[in-house]
Amino acid sequence: MIGKKKSLKADIIIGIGDLSKMTGVSARQLRYWEEKGYIQAVSGKKNATRKYKFEMSFKVQAIKRYLDEGYTLAKSVEQAEKLRKKFEIWKKFLVGKVQEVEITDTQHNYGVIELGCVDEEQKKKIYGVVDENGCHFELRDYAEADN
DNA sequence: ATTCTAACA
DNA sequence: TGTTAGCA
């Protein structure tokens, strides 16, 4: 195990003041949320100044979003966690199944997403098409060397 | 200057 | 939850 660089994310560390400013959640709330176990600071020494991973700001923002929609704090945390899990599933699907994305219109961000074979025998692939009409699926024949 | 805990008009 | 006070 020499090169164990699983992630290329820089581990940015921020203080409670910065986290508060960038999320709009008060420091009082952040401390309370941590006390309740909803968020966590890195290496939680009991009496040191709190340090948070930058990624925590996304969770805080998500919780605040649901809070602003009228959910209770507990429910907001629940929803934020559910959102995170759904995103993980989306990520797995995208990384696992999307083979290529062809840009068809730079001006309007239209394109075609190659989602792979539906049937190996019939040489058909399914595509996700984004165009002026919105988006839809298409089943197309494909050549062995199409590029 | 900033963050900490604890407590409360 | 905000907002203090008194510390580090």
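Worth knowing before you read on, the calculation uses all heavy atoms, side chains too, and leaves out hydrogens, waters and symmetry mates. So you know, we letter chains A, B, ... as the sequences are listed, proteins then strands, and number each from 1.
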Contact between T49(A) and I16(A) at the side-chain level, heavy atoms closer than 4.5 Å - yes or no?
no
Looking only at heavy atoms, what is the nearest atom pair of A80(A) and Y66(A), with distance?
N-CE1, 3.7 Å
Using modelled atom types only, decide if a donor and an acceptor are shared between the side chain of Q29(A) and the backbone of S26(A) within a distance under 3.5 Å.
yes
Same apolar cluster: L73(A) and Y52(A), side chain cutoff 4.5 Å
yes
Below 4.0 angstrom, N of the basic side chain to O of the carboxylate: do E88(A) and K91(A) qualify?
yes
D18(A) versus I14(A), closest heavy-atom pair with distance:
CB-CB, 4.2 Å
For the backbone of S57(A) and the side chain of T23(A), can you confirm whether one donor and one acceptor N or O come within less than 3.5 Å of each other?
no
Over all heavy atoms of both residues, which pair between V130(A) and C135(A) is shortest? Give the atoms and the distance, please.
CG2-CB, 4.1 Å
N/O (side chain, R50(A)) to phosphate O (OP1/OP2, dC4(B)) under 4.0 Å
yes
Taking only Watson-Crick and G-U wobble pairs with both distances under 3.5 Å, what dot-bracket line describes DNA chain C, where [ ] shows pairs that cross earlier ones and | shows pairs with another strand?
.|||||.|
For Y110(A), does its backbone N or O pair with a side-chain atom of T104(A) as donor and acceptor, under 3.5 Å?
yes
Between C1' on dT3(B) and CD on E35(A), what's the gap in Å once rounded to a whole number?
16 Å
Sorted by number, the residues of residues 11-30 of chain A with heavy-atom contact under 4.0 Å to DNA chain C:
S26(A), R28(A), Q29(A)
Positional range of nucleotides in DNA chain C within the contact set of chain A, heavy-atom, under 4.0 Å
dT1(C) to dT3(C)
Look only at the side chain of K59(A) and the backbone of Q40(A), and say whether a donor-acceptor pair between them is shorter than 3.5 Å.
no
